Each structure stands twice: as C-alpha cells, then as structure tokens.
Amino acid sequence: MSATFTVGLLLLLSAVGFWMGRTRAVTVAGGRIATLHSVPNYYGSFVALWAGLPALVLVLCWMALRGPVIDWLVLDGLTPEQVEIWARVMLPPNDLSALLANIAEETDALTETHRQLLLININNLAAGQAQYVNAAVVGAIQPAADHLNSLRNLANWTLFAAVAALSAGGLAFTWSRINPSLRARNNVERIVTWLLILCSTIAVFTTVGIVLSLLFESIRFFTKVPVTEFLFGLHWSPQTAIRADQVGSSGAFGAIPLFTGTLLIATIAMIVAAPVGLMSAIYLSEYAPKKVRGLVKPVLEILAGVPTVVYGFFAILTVAPFIRDMGAAVGLSISSQSALAAGIVMGVMIVPFVSSLADDVINAVPQSLRDGSLGLGATRSETIKQVVLPAALPGIVGAMLLAVSRAIGETMIVVMAAGLQANLTLNPLESVTTVTVQIKSILVGDQEFDSAKTLSVFALGLVLFLVTLVLNVVALRIVQKYREKYD
Amino acid sequence: MMDTTTMTMPTETTATQPVKMSAKTVKVFYGEKRALHGVNVDIYQNEVLAMIGPSGCGKSTFLRTLNRMNDTIDICRVEGQILLDGEDIYDPRLDVVQLRARVGMVFQKPNPFPKSIYENVIYGPKLHGLATRKDEFDAIVEQSLKRAGLWNEVKDRLHEPGTGLSGGQQQRLCIARAVAVSPEVILMDEPCSALDPIATAHIEELIDELRESFTIAIVTHNMQQAARVSQRTAFFHLGDLVEVGPTEEIFTNPRDERTQGYITGRYG
C-alpha cells in the first residue's frame with residue numbers, strides 16, 4: 001500500500017468529514033440554521049480538520065522515521081557471516097582486516113561509509129536491479145533484500161491502517177459532538193491561526209538556519225585563516241595545495257580586493273541607476289500623460305523581469321566590446337572584461353527597481369501639497385524641486401539604499417562581465433572581481449568541504465549577508481519613518 | 001435637458017466698486033461630461049463673493065477655473081471667457097504662473113509644506129523674486145502672518161515645522177502664504193470645512209479684514225458662513241449658476257425657487 005494512496009485516503013476522509021459535519025449540523029438544528037452557534041460550513045470544516053490533521057501529522061512523522069528504522073532493522077537482521085562474505089568482495093584489503101577484527105570482537109562492525117555502501121547494495125537488490133550489484137555478494141545479501149521488502153510492505157500497511165483508524169476516529173468523535181452550542185467557528189479559527197503561525201515560522205526558521213550555517217562554517221574558516229587577515233589582507237588567491245608537494249598554492253585570503261571590486265561595480269551601477277531611475281520616476285509621476293504612463297510603466301517593469309543572465313549576455317556581447325572599441329578609438333586599452341561594462345549593465349538592471357520605488361514614494365506625496373505650490377504661482381519644475389522632492393527625500397534615499405543592496409548581491413552579470421582576477425584597483429577600465437563572483441567560482445565543481453578555499457566562501461557570504469542586511473534595515477527604517485509623516 | 005436660466009442677473013447691486021474678475025458663459029467639461037453649463041458672473045473689487053450650492057453643483061470647479069488650477073487635470077476643458085481686469089486669463093499668451101501670483105488660492109484642507117513656518121510664508125515671494133535680502137523676507141513674514149492673525153501665536157517659533165501647528169493655525173498659515181505674494185484676488189475653497197467652530201470663527205473674522213486689501217471668492221457648504229462673510233452670494237445648482245445677488249437678498253428674498261429650496265434646507 002503506497003504512501004500516495006494513504007494520503008489520498010486521508011483527503012477523501014476529510015472531504016467526507018466536511019460533508020458529514022455540515023449535514024449533521026443542519027440536521028441537529030432542525031432546519032433552523034440560526035439556532036446554530038456557527039454557520040454549517042464551520043461544522044463541516046471542524047470535522048474535516050479533525051479527520052485530516054492528526055493523521056497528516058502521523059504520516060509526516062512516519063515518513064521522517066521510516067527510512068532509518070527500516071535500515072537499522074535490515075542491518076540488524078544480517079548475520080556476521082553474511083557481512084563477512086559481502087565485505088570480502090567489496091572492501092579494500094586494509095579496511096577489510098579492520099572489519100574482520102571487529103566482527104570477531106562482536107562490536108558494531110561497519111563504519112558509516114561501509115554501512116551506506118552495504119545499504120545501497122541491499123536497496124538495489126530489493127528494487128530488482130541486481131545488475132548493479134556484484135554477483136558474488138547477491139547470495140549473501142538476498143535474504144536482507146527480501147527482509148527489506150517485507151518490512152517496507154509491512155510499514156506501508158501499518159501506516160495505512162493507522163491513518164485510516166486515526167482519521168475515522170477523529171471524524172466519528174467530532175461528528176458525534178456536533179450540537180447547536182458547539183463553538184465550531186472558534187475552534188476552526190484557532191486551528192487556522194496555528195496553521196498561519198506555522199507557515200510564518202517556516203520562513204523565519206529558514207532565515208535563522210541560513211544565518212547559522214553561514215556563521216558556523218565561517219567560524220571553521222576563521223580557525224584556519226585569522227579574521228584580521230581575511231578582513232584587512234590585500235591579496236586574494238584562494239588556491240590551496242591538495243597535495244603537500246604542489247607548487248605555488250599557499251593560498252591568500254585577504255578579501256579587500258573583493259570588497260573594493262564589489263564597491264566599484266556597485267558604485268558605477270548606482271551612478272547609472274540613480275539619476276536615470278529617479279528622473280524617469282519624476283517624469284512618470286509628474287509629467288507623463290496618463291496614456292504614456294500606462295504604456296511606459298509596464299515596459300519598465302518588464303525590464304525588471306529580464307533574467308540577469310540575459311543582462312549578462314548584453315554586457316559581454318554588446319556593452320563590453322563597445323566600451324573597448326571606444327577606448328581603442330581614443331588610445332586607451334580597456335580590458336574586454338571591465339568593471340565599467342559590468343557596472344553599466346548592472347545599473348540598467350537596477351533602473352526599473354529605483355524608478356518604481358521612487359515613483360511610489362513620489363506618488364505618496366499628497367496632491368494637496370502640489371496644489372498649494374501651484375496655487376502660489378510656482379511652475380511645475382519649481383513645485384517638484386522645492387516641495388515634492390524634499391517631501392519624498394527620505395523615501396527616495398530608502399529606495400536608493402535598497403538598490404545598492406541589490407547591486408552588491410547581484411551575481412550573474414558580474415560573473416559574465418567582470419572577470420575573475422582579484423585586482424586591487426579603483427580603475428573602472430580594468431577587470432575586477434566581486435564577492436559574489438568568487439563565491440560562485442570557488443563552489444563550482446567538486447569541492448572538499450574542509451579546505452580553507454571552500455570554507456572562505458562562507459565567510460564571504462556572511463560579510464555579504466551582513467552588509468545587505470544592514471542596508472536593508474536602514475532603508476526600511478527610513479522609508480517607514482517617512483510613511484508616518486503623511487498618514 | 002432644458003437649457004434654462006443661465007441668464008446673467010443684471011447686477012443692480014449698490015456696488016460702486018469696479019469689476020475685478022468677470023466670467024462670461026464659462027463652460028467646463030471633464031472629458032465628455034459637462035460640469036458647468038455657461039456661468040456668467042462678475043466679482044467686484046474688495047468684495048467677498050460666496051458661492052453656495054449642493055455637492056457636485058460645480059461651485060468648486062468654477063472657483064478653480066478662476067486661477068486655472070483646472071489645468072492640472074488632463075481631461076478638463078474650459079470654454080468661454082474669464083477676464084481679470086479686462087484681460088482674458090485663458091489667452092494662450094498669458095503666463096499661468098503670473099496669473100496664479102495675481103489670483104492666489106487657499107484650499108479645503110490645510111496644506112502647509114513640510115518646511116518651517118518661515119519658509120512656508122516666503123515660498124511664494126522667493127519664487128517670484130519679490131525680495132532678495134533677509135530683512136525684506138523677515139518683513140514679508142511678519143506682515144503676512146500679522147494679516148493672517150497668526151503672528152502672535154507663532155512669532156517665537158518661526159523655524160519650527162508648519163505641519164506641527166493645529167488645524168486652524170495651519171489654515172491661517174496657508175492664508176498668510178497666499179497673502180505673502182500680494183495677490184489681487186484670493187480664492188478660498190471651503191477653507192473652514194476641516195476646522196472646529198472656534199478656528200472657523202477666527203478665519204471668518206480674518207476674511208472680513210482681508211477684504212480691505214483683496215478681492216475674495218469663497219466656496220462654502222455652510223450657509224451661515226456665506227451669510228456672515230460675504231457681500232454677494234452666488235447659488236449654483238447642477239452646473240448652473242441659478243442666482244447671484246447681494247447676500248441679504250439671496251437669503252431673505254430669493255427669486256428662484258431652487259435657491260429658496262436650498263436655503264430653507266429642503267435639499268442640499
């Protein structure tokens with residue numbers, strides 16, 4: 001009996017419970033719905049929730065526990081002789097002798113790796129895929145495979161029976177309790193409140209989990225590389241030796257070149273995005289006729305929806321060669337992966353972000369202020385400069401800070417257009433690299449998760465996270481303060 | 001739709017003042033919809049003209065045509081002529097900015113700028129270059145606030161934000177702000193509707209004093225207010241100017257039965 005079927009049964013019972021609860025409520029009310037404490041649908045939902053939720057919790061717990069418990073039972077059922085036969089075929093000689101010694105002493109024989117390997121063999125065999133298992137061990141572990149299949153079968157049937165019983169029990173219990181004075185609405189609403197709390201908790205705990213994993217891995221990194229070297233070192237070259245005799249791979253983890261690269265590109269992006277975004281917001285909210293606004297705003301929002309990898313193409317195939325050729329025309333040699341190209345394209349990417357936020361803020365300035373200014377004989381531009389923008393300034397600053405934190409966290413464009421070389425430079429015509437690019441390039445491919453090189457990623461991520469967090473918090477505070485002013 | 005009484009009331013008032021503004025068959029359209037059906041009215045120098053009428057009758061719309069505030073609404077179109085000292089204010093050669101400096105406006109809801117009281121008052125004079133030196137600005141601020149009856153209350157905190165004042169004080173600040181530009185006409189769009197009775201009384205007294213130096217057109221929902229502050233009253237109904245005449249006459253002996261119905265409270 002598969003788990004899908006069990007869940008199906010659960011849903012069916014809930015639906016039946018809803019219908020039964022509702023019907024029963026109408027019946028006990030004797031046709032006079034008004035005598036019921038709640039509307040009949042609430043009685044239905046009440047029964048349905050009791051028929052569904054406890055059993056659902058059971059299914060979830062079962063699914064979490066089933067694997068490890070069955071694995072343990074299967075391995076426990078193997079005799080030392082069967083394990084020995086398997087080990088003689090599958091394990092390298094030195095591992096084998098250790099294992100045989102353990103079996104002789106009847107201690108917990110298998111190491112974690114070997115245990116996994118054995119389980120994979122048994123699983124394959126149980127699934128009928130004997131071709132993936134060494135023919136010499138099939139005989140020895142076939143009983144375990146059969147055992148596994150029978151356990152699984154048993155587990156599924158037990159679950160099915162338990163769920164059916166629990167669900168039907170919940171249904172019958174609540175159904176029998178239905179009477180006009182049962183406070184079904186309050187009960188249902190309490191359950192729904194808890195569901196809502198649960199959902200929001202998931203988001204919060206995910207964030208906490210991410211922060212903690214970053215933090216602990218960063219601490220591991222800082223045991224290998226001192227914090228001061230990471231924060232103040234001027235040289236970034238994260239190659240560490242895999243073998244002791246490798247050349248030129250001592251590794252340097254000074255993150256300053258990455259921070260300057262990130263700041264350089266983010267600055268260029270903001271130099272492009274801030275004026276363009278702000279001006280277009282001013283045009284859209286203050287000058288544009290309704291028709292133009294109706295047309296231009298959606299187009300700007302499409303720009304915001306372009307995947308960043310497409311901006312990356314644009315940077316690398318159009319903007320970067322253009323800048324290089326321009327430079328060549330005036331006698332400058334510009335690298336084809338320049339900070340300038342990446343920054344400009346990133347700026348273009350942020351323009352709709354800035355303009356739509358600034359547009360909201362400018363629109364939030366009450367029309368009465370504009371009327372007041374126009375009524376005194378101010379021109380539109382005087383009104384905007386002297387009344388609208390000053391009133392919207394905090395919100396605009398908030399929008400800019402949010403845009404900066406976007407620019408700092410942006411990855412794809414810089415991966416494609418900015419380069420990998422950690423130059424410590426403020427020259428936008430050279431190639432630089434950013435924090436995000438380094439994180440990506442270190443983690444691509446197979447990595448050992450205990451080398452300083454790989455762990456450095458977490459420290460970089462942590463710094464990035466903190467910087468954007470601070471920027472976001474400051475920006476939101478500023479925006480909030482501004483909102484209060486015109487309520 | 002019968003196109004009835006839009007005839008001009010012959011202004012056989014005792015007014016000897018010259019005509020300051022004059023509307024001649026003013027029609028206003030919002031898109032396809034006609035909001036005013038041809039309004040003819042004169043506003044005399046140094047008088048207070050009150051405009052009354054039920055909601056949606058077009059009195060605020062008409063007021064806003066007098067300094068072209070309707071220009072800010074895309075779909076709004078004005079036909080007919082409005083003369084200020086004999087000049088058509090809808091003449092394309094006329095600069096709307098100069099017009100609004102001559103015809104100031106006070107709005108329904110107090111709308112001080114989120115700046116200091118001082119800056120609120122000098123906002124207009126600064127724009128129009130009416131003063132350049134600090135002491136000139138100081139003089140304008142003091143004079144305007146005095147005229148608006150606010151000077152004594154705020155003279156010690158001129159540099160605090162104007163938004164921190166009470167509703168009535170804010171509205172008087174807005175009046176001071178309008179007065180500071182030395183306009184010739186001041187338009188008031190229900191200036192007391194957001195204020196409590198005491199603040200309202202304050203502003204009504206103020207309107208009476210301002211009449212000495214300005215011409216005032218005021219829209220109000222409050223008939224007692226119209227009776228108290230104005231010399232002449234115009235009654236609007238469904239986009240028509242039904243009747244205009246000396247306030248006393250309108251309130252005691254209206255000629256049109258619609259006016260009578262409104263002022264006796266049968267509708268409105």
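Computed from a prediction, not measured in an experiment: that's the story for all the values here. Proteins come first, then strands; the chains are lettered A, B, ... in the order of their sequence lines, and each starts at number 1.
Rounding to the nearest 0.5 angstrom, the gap separating the OH atom in Y123(B) from the OG1 atom in T383(A) is 4.5 Å. Here the CZ atom belonging to R370(A) is positioned 12.0 Å from the CG atom belonging to N111(B), to the nearest 0.5 angstrom. We find the CG-CE distance between D371(A) and M69(B) to be 4.0 Å, quoted to the nearest 0.5 Å. Expressed to the nearest 0.5 Å, how far CZ of R68(B) lies from CG of L374(A) amounts to 12.5 Å.
For V97(B), the parts lying under 4.5 angstrom from a heavy atom of chain A are both the backbone and the side chain. Interface remark: R102(B) contributes no atoms to any contact with chain A (heavy atom separation under 4.5 Å). Heavy atoms of Q386(A) lying under 4.5 Å from chain B belong to its backbone as well as its side chain. Residue V96(B): no heavy atom, backbone or side chain, is found under 4.5 Å from chain A. Residue P110(B) does not touch chain A at all, counting heavy-atom pairs closer than 4.5 Å. Only the side chain of F107(B) comes within contact range of chain A, with heavy atoms under 4.5 Å apart.
Within 6.0 Å of atom CD in Q367(A), more than 12 heavy atoms from other residues, nucleotides or ligands are found, so the atom counts as buried in its surroundings. Atom NZ of K126(B) sits in a sparse spot, with 12 or fewer heavy atoms from other residues, nucleotides or ligands closer than 6.0 Å. More than 12 heavy atoms of other residues, nucleotides or ligands sit less than 6.0 Å from atom OH of Y287(A). The 12-atom threshold is not exceeded at CZ of F322(A), counting heavy atoms of other residues, nucleotides or ligands nearer than 6.0 Å.
Residues A378(A) and L127(B) come closest through the heavy atom pair CB-CD1, 3.2 Å.
Of the residues V365(A), L393(A), L369(A), the one that meets the side chain to side chain contact (heavy atoms under 4.5 Å, CB included) test with P114(B) is L369(A).
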